[in-house]
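Working notes for the structure below.
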Amino acid sequence: MIHLSAINQARWARFKHNRRGYWSLWVFMVLFVLSLFAEIIANDKPLLVRYEGQLYTPFISNYNETTFGGELATPADYQDPYIIKHIESKGWAIWAPIRYSYDTINFSTTVPFPSPPSSTHWLGTDDNGSDVLVRIIYGFRISFIFGLLLTFFSSIIGIFVGATQGYYGGKIDLLGQRFLEVWSGMPTLFLIILLSSIVQPSFWWLLGITVLFSWMGLVGVVRAEFLRTRNFDYIRAARAMGVKDRVIIIRHILPNAMVATLTFIPFILCGAITTLTSLDFLGFGMPLGSPSLGELLLQGKNNLQAPWLGISAFIILALVLSLLVFIGEAVRDAFDPTKAH
């Protein structure tokens with residue numbers, strides 16, 4: 001059991017008092033946990049197969065057709081009735097609730113793509129024949145993991161730069177501010193588009209290039225807190241006693257700066273998800289074929305005769321961003337001691 005200090009208990013009570021933010025956190029966590037198990041929820045491969053007394057996990061490992069009585073030494077196609085018949089004749093299979101993956105194409109349909117919502121595809125299919133609901137599940141996971149990593153690395157860099165400027169001041173602070181003015185004036189989106197046209201984009205490449213331009217959000221907050229705190233009596237006393245600067249920064253000043261920093265984290269995460277969605281919508285994001293909310297928005301723009309594409313992407317984005325904003329507001333209230341509960 002986690003034991004919270006009195007001040008943290010008061011913060012948690014203020015956070016719970018904001019019912020909208022509190023329940024938004026639970027809803028968001030449920031959606032994220034479900035997306036982590038996307039391969040179990042939506043997959044075109046069986047989760048577990050028992051064939052001739054042996055157990056197989058096709059959604060984890062790849063097996064050839066010959067494993068299940070086929071004639072070719074090629075990866076088994078579990079959408080093929082021939083393979084399904086062989087499995088069912090000498091065993092059984094447990095399937096995911098949704099028997100499609102993000103890149104599965106339903107060739108057995110008679111409706112042209114993109115097809116409207118039906119009992120088979122609850123949110124319809126896109127113009128490639130892939131299930132929209134499944135692509136939303138996988139796309140949400142990629143968007144949130146990307147946003148979480150971007151927020152983490154950007155926060156580390158921003159806190160480090162802001163702490164260095166605020167604590168040492170003088171020429172370091174002056175040069176740092178001039179660099180920030182120049183770097184923040186760079187046409188970020190244009191540079192990302194330019195680099196994406198030269199280098200084949202990938203998840204980690206996009207993460208690295210966006211971190212270069214997204215770490216400045218917390219510098220001002222951390223710098224101001226360090227400038228304010230570094231002249232306090234207990235900081236001067238620590239310096240006089242010979243305590244190392246690193247210890248003073250990490251143990252005595254940084255905890256105070258983190259209070260203001262944490263209130264910005266949900267909003268930074270919201271902006272990170274929007275960044276990836278914008279890049280995917282413009283065609284400079286994840287590789288072609290990757291499940292992406294921005295790519296689904298682009299399909300909605302290109303297929304106005306299929307409104308379920310744009311509407312589905314808009315609803316999930318509006319829901320996710322709204323939940324993050326509500327959580328951010330609740331965190332801000334939790335760290336504000338003037339808020340009564």
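Because only heavy atoms are used, hydrogens play no part in the values below, and waters and symmetry mates are left out as well, while side chains stay in. Just so we're clear, the structure is a prediction, and the values are computed from it rather than from any experiment. Count residues from 1 along the sequence.
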Are Tyr22 and Trp12 side-chain neighbours, meaning at least one heavy-atom pair lies under 4.5 Å?
yes
Considering all heavy atoms, the nearest Ala163-Val222 contact
N-CG1, 3.6 Å
For a quick test of reading the model, state the closest non-hydrogen atom pair linking Tyr138 to Ala38 and the distance between them.
OH-O, 3.4 Å
Any heavy-atom pair between the side chains of Val161 and Thr164 that's under 4.5 Å?
no
Identify whether Val325 and Ile316 are in the same connected component of the hydrophobic contact network (ILVMFWY, side-chain heavy atoms under 4.5 Å).
no
Quick check: His121 with Tyr100 (ring centres under 6.0 Å apart)?
yes
I want to check something: taking the side chain as every heavy atom from C-beta on, are Asp245 and Tyr167 in contact at a cut-off of under 4.5 Å?
yes
Taking everything shown except Asn231 itself, do over 12 heavy atoms lie less than 6.0 Å from its CG?
yes
Who are the side chain to side chain donor-acceptor pair (under 3.5 Å) partners of Arg228, not counting sequence neighbours?
Glu225
Heavy-atom check, side chain of Trp92 versus side chain of Ile94, under 4.5 Å:
yes
More than 12 heavy atoms from other groups under 6.0 Å of CZ on Phe160:
no
Phe267-Leu317 co-clustered via ILVMFWY side chain contacts under 4.5 Å:
no
Taking the six-membered ring for Trp, is the centroid-to-centroid distance between Phe28 and Phe326 below 6.0 Å?
no
Minimal heavy-atom distance between Thr277 and Leu297, with the atoms involved, is CG2-CD1, 4.0 Å
Is there a path of hydrophobic side-chain contacts, each under 4.5 Å between heavy atoms of I/L/V/M/F/W/Y residues, joining Ile159 to Phe152?
yes
Flag if over 12 foreign heavy atoms under 6.0 Å of CZ, Arg251
no
Heavy-atom side-chain contact between Ile235 and Ile253 under 4.5 Å
yes
Heavy-atom check, side chain of Leu133 versus side chain of Ile98, under 4.5 Å:
yes
Which residues share a ring-ring contact (aromatic ring centres under 6.0 Å, His included) with Phe153, sequence neighbours left out:
none
Salt-bridge contact Arg223-Asp173 (side-chain N to carboxylate O under 4.0 Å)
yes
For the hydrophobic clusters of this structure (ILVMFWY residues joined by side-chain heavy atoms under 4.5 Å, transitively), does one cluster hold both Leu48 and Trp95?
no
Please give me the minimum heavy-atom distance between Ile273 and Leu324, naming the atom from each residue.
CD1-CD1, 3.7 Å
Which of parallel (below 30°), tilted (30 to 60°) and perpendicular (above 60°) describes Tyr63 and Phe68?
perpendicular
Should the ring pair Phe144 and Phe140 be called parallel, tilted or perpendicular, given that the plane angle runs from 0 to 90° and is split at 30 and 60?
parallel
When you compare the side chain of Val111 with that of Pro116, does any pair of heavy atoms fall below 4.5 Å?
yes
Could I get the full list of side chain to side chain donor-acceptor pair (under 3.5 Å) partners for Arg141, not counting sequence neighbours?
Glu39
Please say whether more than 12 non-hydrogen atoms of neighbouring residues, nucleotides or ligands are located less than 6.0 Å from CZ in Arg246.
no
Mark yes or no for whether Asn303, through its side chain, and Ala306, through its backbone, hold a donor-acceptor pair below 3.5 Å.
no
Which atom pair, heavy atoms only, marks the closest approach of Ser143 to Leu276?
CA-CD2, 3.9 Å
Side chains of Ser61 and Tyr56 in contact at under 4.5 Å (non-hydrogen atoms)
no
Do Leu123 and Phe314 sit in one hydrophobic cluster, given that two such residues count as connected whenever their side-chain heavy atoms are within less than 4.5 Å of each other, even indirectly?
no
Rounded at 0.5 Å granularity, tell me how far CD1 in Ile145 sits from CZ in Phe32.
5.5 Å
Give a yes or no on this: more than 12 heavy atoms of other residues, nucleotides or ligands lie within 6.0 Å of atom CZ of Phe37.
no
